[in-house]
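Structure first, commentary second.
In what follows, every chain begins at residue 1, and chains take the letters A, B, ... in the order their sequences are listed. Atom set for the values below is all heavy atoms of this structure, side chains included, hydrogens, waters and symmetry mates excluded.
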Amino acid sequence: MALKISPICRLFVLLLGNGFSTAGVGIKFLYTLLSPDSNIWDYTWGHGTLDMGRNVIATVCGVVERVNKLVYVRSLRARYKPEIGDIIVGRVIEVAPKRWRLEINFSQDAVLMLSSMNLPDGIQRRRTAIDELNMRTIFVENDVICAEVRGFQNDGSLHLQARSQKYGKLENGKLLKIPPYLVKRRKQHFHHLDQYGVDLIFGCNGFIWVGEHVDVKDATVEDQVNKSDPQNTDSAILQGSSEEPTSTSLEIRQYICRIANAITVFAALGFMVNLEAVTETVTLSLSLNLGVHEMLEAEFHVQVAEQEVERRSKSTRRK
Amino acid sequence: MVGLSVGEKNFIKGGIAQDLRNDGRKRLTYRPIYVETGVIPQANGSARVKLGETDVIASVKAELGKPRVSHPDQGKVYIYVECSPTAEPSFERRGGDELSTELSIALERSLLGGKSGAGAGINPASLLIKEGKVCWDLYVDCLVISSDGNLLDALGAAIKAALSNTGIPRVQVREAASSDEQADVDVSDEEFLQFDTSGVPVIVTLTKVGRHYIVDATSEEESLMSSAVSISVNRHGMICGLTKRGGAGLDPSVILDMISVAKHVSEQLLNKLDSEIEAAERANEEEP
């Protein structure tokens, strides 16, 4: 394709859409197709660009994005950028007075206030000093929690809330970390795969939870089960036995591992992670009769890439 | 090392009990091993081994030295491990020193045998040039770039690969006038002798989690271990060294069982490692 380059528009922006990156290192020129009479001053230059008088160049290596008149460059390995209403998965790193601090792959730790969390007995009441002392019965350090972004404070810290039944502690599963830009914001982030009996939660911060399915029960019932579990498991561990009350069956465990490996392969290849892609990959691995850990080998990566190519060409054909 | 919640720990333990680990491996399956040799051109031999996310480099440098008075017919081998701060945040500054010393000692014990040099995987007598006067000193330096569990196995494999890549220069000894003087040696720049690595053992670490042993633990699984036994076995099925880590005590029958499991696993590992080293050496030769 011939590029019409007029002397005025020395700026060149390559618009390739999401998922494709501009190859190159450090500062580079961005090339584009602009009609001859368009002016570079029509555009607003956003993050990652630098106006150098004659040219506008990219200052970070990444994907060029364009929204109406705004052109900016999004870097590939960015930290998570939170927005209000995002569903995230995080790990508790500290139990502080009246709040929990969570690590969510953001520049600061997120805060979950005690008042933003449902009480075990489910009653809506004011949090007393006794509730504060019993915070550890709800969440302890290193627990994995699913919550929603409530908003930002003046100092830029993030506040979360977990008032609904579907939020809360996650157990019996595996936490995966992938780059945040691979998870697109959708309507649904909680997925329940019936045919596998597996829960899949795509956190917008790049933390993905794959675990055994848990029915969204009453808070009272669920917390009573949780309270009795730690005691049982602790004594079981002391006896040297590896059986715990809520042991996952081998079949569900295999599916959990397959899904986790599929997501790892996607992250390694840099593809967007969504439910259809992951389920297709899992069925592909099952049809090829691959052992679960063989999914992490080089040949399967190639096959997943081919499958992705097919899917993209199908979607472009449809358009 | 990020912590794990109680639920995740139980999940991992349950998986090990059911022979399906977190990444889908069986209890006795190794992660894919990737070997690259000749990564450090200035050294006599070097190799880089990747075991999953664990990444280590080993280099061998040979220098002329004098044999020990107690063992005039042997050369000397020194093994030193350094844990780079890039591997773990806890390794910054002096944080990695303890682990480095522990790994160095464990490797020396596994590969060099006792003080008298008996039963060593690397034969020091092959390093001799002139008895009592000149011998080769081998300095084996290892660097841990990235740590995801099972450092000892990866280091053992890297040392084995580095040694098979090592070329010791040929020496001609010129007779000295008096026997007290240092003998003159002509170190050839052209001819190299390949080091004989058929006797070099490989290290297999068995980590005990609950009631079962696993091979090649990731750092998550290592955080759950009660104890770990590292056994170095050579091609003939002989045990060259044994190291136990971890606070929990082990019944003697358990140790014997672990040894037999390690011997069984080491055969596959040796074959895999040898074929990988060969492939790496061939790739080196093909390059211009």
Item to check | R253(A) side chain near R21(B) side chain, heavy-atom distance below 4.5 Å | outcome: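 R253(A) does not reach R21(B) side chain to side chain.
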Item to check | Summary of salt bridge (charged side-chain N to carboxylate O under 4.0 Å, His left out) pairs that have at least one residue in residues 240-249 of chain B, sequence neighbours excluded | outcome: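 Only E102(B)-R245(B) qualify under salt bridge (charged side-chain N to carboxylate O under 4.0 Å, His left out).
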Next on the checklist: Applying salt bridge (charged side-chain N to carboxylate O under 4.0 Å, His left out) as the test, list every pair that has at least one member in residues 45-59 of chain B; sequence neighbours left out.
Outcome noted: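 Every pair satisfying salt bridge (charged side-chain N to carboxylate O under 4.0 Å, His left out) with a residue in residues 45-59 of chain B: R48(B)-D55(B).
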Checklist entry - If you draw a 6.0 Å radius around CD in E251(A), do more than 12 non-hydrogen atoms from other residues or ligands fall strictly inside? => result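 No, not enclosed.
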Checklist entry - Taking atom CD of Q108(A) as the centre, does the number of heavy atoms from other residues, nucleotides or ligands within less than 6.0 Å exceed 12? => result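 Atom CD in Q108(A) is crowded, with more than 12 foreign heavy atoms closer than 6.0 Å.
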Item to check | Top of G24(B), G15(B), G7(B) for chain A proximity - count of heavy-atom pairs under 4.5 angstrom | outcome: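 Top count of heavy-atom pairs under 4.5 Å with chain A: G24(B).
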Contacting moiety of [X], where chain B heavy atoms sit under 4.5 Å:
X	result
T264(A)	neither
N261(A)	side chain
L296(A)	side chain
I93(A)	neither
Q254(A)	both

Checklist entry - Just one of N172(A), V144(A), L170(A) clears the side chain to side chain contact (heavy atoms under 4.5 Å, CB included) bar with E8(B), so which one? => result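 So the option named by the test is V144(A).
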Item to check | Neighbours of chain A found in residues 25-39 of chain B - heavy atoms under 4.5 Å | outcome: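 Within residues 25-39 of chain B, the residues that come under 4.5 Å of chain A (heavy atoms only) are R25(B), T29(B).
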Checklist entry - Would you find a donor on one side and an acceptor on the other, under 3.5 Å apart, between the side chain of K174(A) and the backbone of N22(B)? => result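 Here the side-chain-to-backbone pair exists.
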Item to check | Atom pair CZ (F11(B)) and CD (E171(A)), whose distance is rounded to the nearest 0.5 Å | outcome: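 Here the rounded value is 12.0 Å.
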Checklist entry - Which value, rounded to the nearest 0.5 Å, describes the distance between E141(A) atom CD and S5(B) atom OG? => result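 It comes to 12.0 Å.
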Next on the checklist: Using side-chain contact (heavy atoms from CB on, under 4.5 Å), reason through L4(B) and N142(A) one step at a time and then give a plain yes or no.
Outcome noted: CA-CA 6 Å; L4(B) 290 173; N142(A) 288 329; 5.9 Å; no
Next on the checklist: Taking every non-hydrogen pair under 4.5 Å, which of A298(A), G173(A), C257(A), G211(A) racks up the most with chain B?
Outcome noted: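 With the most close heavy-atom pairs to chain B, the winner is G173(A).
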Which atom pairs, donor and acceptor, lie under 3.5 Å between side-chain atoms of residues 261-272 of chain B and protein residues at least two apart or in another chain?
| residue | atom | partner | partner atom | Å |
| --- | --- | --- | --- | --- |
| S266(B) | OG | A262(B) | O | 3.3 |
| S266(B) | OG | K263(B) | O | 2.7 |
| N271(B) | ND2 | E267(B) | O | 3.4 |

